[in-house]
Amino acid sequence: MKAQTEQRTGLLYGFGAYGMWGLVPLFWPLLKPSGAIEILAHRMVWSLAVVGVALLAMRRWGWIRELLRQPRKLALTTLAASVISVNWGLYIWAVNNGAVVEASLGYFINPLVTIAIGVLVLGERLRRAQWAAVGIGVAAVLVLAIGYGRPPWISLVLAFSFAAYGLIKKKLNMGGVESLAAETALLFLPALGYLLWLGAQGRSTFALDDPGHSWLLAATGLVTAIPLICFGAAAIRVPLSTLGLLQYLAPVFQFGLGVVYFHEAMPPERWAGFSLVWVALALLTWDALRTARRSRARLAEAGASAATAATAATTATTAPATTASEAAVAAEVAGGAEVAGAVHGAPEPPPTVATPARGPA
């Protein structure tokens, strides 16, 4: 009962995280006339303030000393901060320049790009369904390129930068709050320096007569941190396969906002390209769920074999009338179970559909 309650709570956190990430296109236009780079700089500065308060409340500071003692890990954190800055900055620019639909496409194709990077960089081997999904995704990009009259570069940069960020985070293996704190701490001085330079040039929008605008810029820290905290709470309560499916909520909401709220054009060739992407994702999801079921079946089979072996071994030990031949049979059964356990081993985790280390935007 407690496990079910925890899972329901995790689902609520997951819906909250991806729902907020999906609705964030409504927030960035409120920050005009601030430009994308100024918004990004404020986001870095105020995010550090928010996560600093969170770390102070949780009293989790030991990771800082450990990070500083590992130059390679610090370098990877710097690289992650640079990559996510590109992702954040381009996303804000896209939303405020009428490209919400194209931005949403970037997060739709992100799982496909993540799989491709896994093959090219990590040497992973794909199943047939995954190869088919990647092929359909490539065809979708070609169709969209024809429809746009150019490659959908916003989508591609967002997808590749976020996939690269996920790869770096996989190697770092840091908690969500800690990683955000480390990344924003590295970006804090450049961001603050840029904001001070804008103020000295008289081009800063933070000091406008409208105090509400300044408060909105400061709220970028909360907009960044709150969904991430919800995501972290969901990640420890629900299976990764479930979390991988929830990630589609964000681009679905973004796409809907782009079409319905921002009234962005969707000619037939664009619908065709998006439809191909959705087919690829449906195939990828089906394959992930099927593989997860097979993993659970192998686990159950291994457990049943181990229980049978234990029963046979107990019978052979406790029964005095057991003949030598019967004991040999029992030993053979036990040995077979050990071999089965060695072959199956611990079940591999259910494959996820490219669960992100952090949500979009």
Side-chain angles (χ1 to χ4, degrees), residues 15-40 42-43 86-113 136-137 139-162 205 208 210 212-213 215-217 219-220 222-224 226-227 245-282 356 358-361:
F15 279 115
Y18 286 107
M20 284 184 278
W21 279 324
L23 297 176
V24 79
L26 297 173
F27 178 73
W28 302 127
L30 299 177
L31 303 181
K32 293 180 178 179
S34 300
I37 298 179
E38 183 180 4
I39 296 172
L40 177 62
H42 276 287
R43 187 176 189 179
V86 172
N87 186 276
W88 284 357
L90 180 59
Y91 185 83
I92 294 169
W93 181 89
V95 170
N96 285 353
N97 284 271
V100 177
V101 169
E102 189 174 350
S104 74
L105 175 64
Y107 294 108
F108 274 125
I109 66 175
N110 172 252
L112 302 173
V113 173
I136 295 171
V141 171
L142 293 175
V143 170
L144 288 164
I146 295 172
Y148 278 107
R150 58 170 175 79
W153 67 270
I154 295 175
S155 306
L156 293 174
V157 173
L158 288 175
F160 275 92
S161 61
F162 201 69
T205 63
L208 292 176
D210 181 12
H213 181 74
W215 282 109
L216 284 173
L217 286 172
T220 55
L222 293 173
V223 170
T224 301
I226 292 178
L245 296 177
L246 285 177
Q247 74 163 326
Y248 294 133
L249 286 176
V252 165
F253 286 171
Q254 293 165 10
F255 176 81
L257 286 174
V259 174
V260 177
Y261 183 81
F262 293 104
H263 305 291
E264 294 184 16
M266 282 294 293
E269 60 272 16
R270 205 168 293 176
W271 278 112
F274 269 87
S275 298
L276 284 174
V277 170
W278 295 332
V279 169
L281 293 178
R358 177 181 303 160

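- Take Leu222 and apply the side-chain contact (heavy atoms from CB on, under 4.5 Å) test, not counting sequence neighbours, and it matches Val50, Ile226.
- Atom CZ in Phe255 sits 16.0 Å away from atom OH in Tyr248 (nearest 0.5 Å).
- Among residue pairs with one or both ends in residues 87-100, none qualify as salt bridge (Lys or Arg N to Asp or Glu O under 4.0 Å); sequence neighbours excluded.
- Between Gln254 and Phe108 the shortest side-chain heavy-atom distance does not fall below 4.5 Å.
- Remark: Phe253 pairs with no residue by the ring-ring contact (aromatic ring centres under 6.0 Å, His included) rule, at least two apart or across chains.
- With sequence neighbours left out, the side-chain hydrogen bond (donor to acceptor under 3.5 Å, both in side chains) criterion links Ser161 to Asn87.
- Other residues, nucleotides and ligands contribute more than 12 heavy atoms inside 6.0 Å of the CZ atom of Phe274.
- Under the side-chain contact (heavy atoms from CB on, under 4.5 Å) criterion, Ala36 pairs with Ile92, Trp93, sequence neighbours left out.
- Remark: Pro227 pairs with Met20, Trp21 by the side-chain contact (heavy atoms from CB on, under 4.5 Å) rule, at least two apart or across chains.
- Between Pro25 and Phe262 the shortest side-chain heavy-atom distance falls below 4.5 Å.
- Leu156 is listed as a side-chain neighbour of Ile109, based on a closest heavy-atom distance under 4.5 Å.
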Could you go through residues 144-154 and list every donor-acceptor pair under 3.5 Å that involves a side-chain atom there, pairing it with any protein atom two or more places apart or in another chain?
| residue | atom | partner | partner atom | Å |
| --- | --- | --- | --- | --- |
| Arg150 | NH1 | Glu102 | OE2 | 3.2 |
| Arg150 | NH2 | Glu102 | OE1 | 2.9 |

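- Legend: salt bridge (Lys or Arg N to Asp or Glu O under 4.0 Å) pairs involving residues 18-37, not counting sequence neighbours: none detected.
- With sequence neighbours excluded, no residue forms a side-chain hydrogen bond (donor to acceptor under 3.5 Å, both in side chains) with Glu264.
- Listed by chain and number, the residues in a side-chain contact (heavy atoms from CB on, under 4.5 Å) with Leu249 are Phe15, Tyr18, Leu246 (sequence neighbours excluded).
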